[in-house]
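Here the structure comes first, spelled out in structure tokens, and everything after it is commentary.
Counting starts at 1 for both ligands and their atoms, following the listed order.
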Amino acid sequence: MDLTFLTRSDFWLDIIFPNRCVSCDKTIAWNETFCDKCGADLPYIEDIPWQAVFAMQTDEPANFDYANALFWYKGNAKSAVLALKSRNGVNFAKFAAKYLAMKFETDGQSADIITAVPMNAKKVRRRGYNQAQVFAEYLSKNMDIKTDFVLLKRRSTSTEQHTLAKKERLAAAENAYFISPKAADLSGKRVILCDDIFTSGATVNKCAALLKELGAKSVSVATICRTDTSRKFESNV
Ligand SMILES: [Zn+2]
């Protein structure tokens, strides 16, 4: 995928296609991601005990070893992550990858491989890209770690994950993801798994289990946004 085009970071290209705020769609300078108003009101996540948040959202043991996200899934970050489903929002993936790479580096979270939660092939064809993979590609550039997107696959399912209750999400994730027949052996490798939103954690937990089945030594989860259904941590921001 030609990310140079998607980022619209080229000045001249921007004259033809004006850059827009990824949250409110207002026209902004070519090198910005948010307008001043939206950029001043972003729900950044400070340091959170991710193990505790995950444990409150699921009864499952965590198959991943670390997780971090840049924003709570609300306000201007929520509208920007929803805009990721259109090409305009791709700037947000670039923005999030830059700052999340800094968080991972601060926490000593390096890796050998970066991968993404897969989307089923039909949906990728319809949308033109998998937003989790676009985010992973930017994170890869920022952290100087190679990507591998042929590790996991997703079956097409009739129901969207976000419409399901907690128990149903776990069952759906259990069935939806599987190891690609073309997957490489990950023995001894540290893997970063990317997705756009961490909701119940069911999806990343299943994908982390599959990466461990492939031999991964550790799996760290990087998401742009995450929810806190307990509201215990989110209310502190
Ligand atoms: Zn805005």
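The ring of F92 has its center closer than 6.0 angstrom to the ring center of F34.
The heavy-atom pair separating A101 from L139 by the smallest distance is N-CD1, 3.8 Å. V117 approaches C207 most closely through the heavy-atom pair CG2-SG, 4.2 Å. The minimum heavy-atom distance between K212 and D65, with the atom names listed, is NZ-OD2, 2.9 Å.
By the 4.5 Å heavy-atom criterion applied to side chains, C225 and K78 are not counted as neighbours.
Among protein atoms, those of element N, O or S found less than 2.8 Å away from the Zn ion (ligand 1) are C21 SG, C24 SG, C35 SG, C38 SG.
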Identify every side-chain donor-acceptor pair in residues 181-189 under 3.5 Å, counting partners at least two apart or on other chains, and give the distances.
from: D185; atom 1: OD1; to: S187; atom 2: N; distance (Å): 3.1
from: D185; atom 1: OD1; to: S187; atom 2: OG; distance (Å): 2.8
from: D185; atom 1: OD2; to: S187; atom 2: OG; distance (Å): 3.2

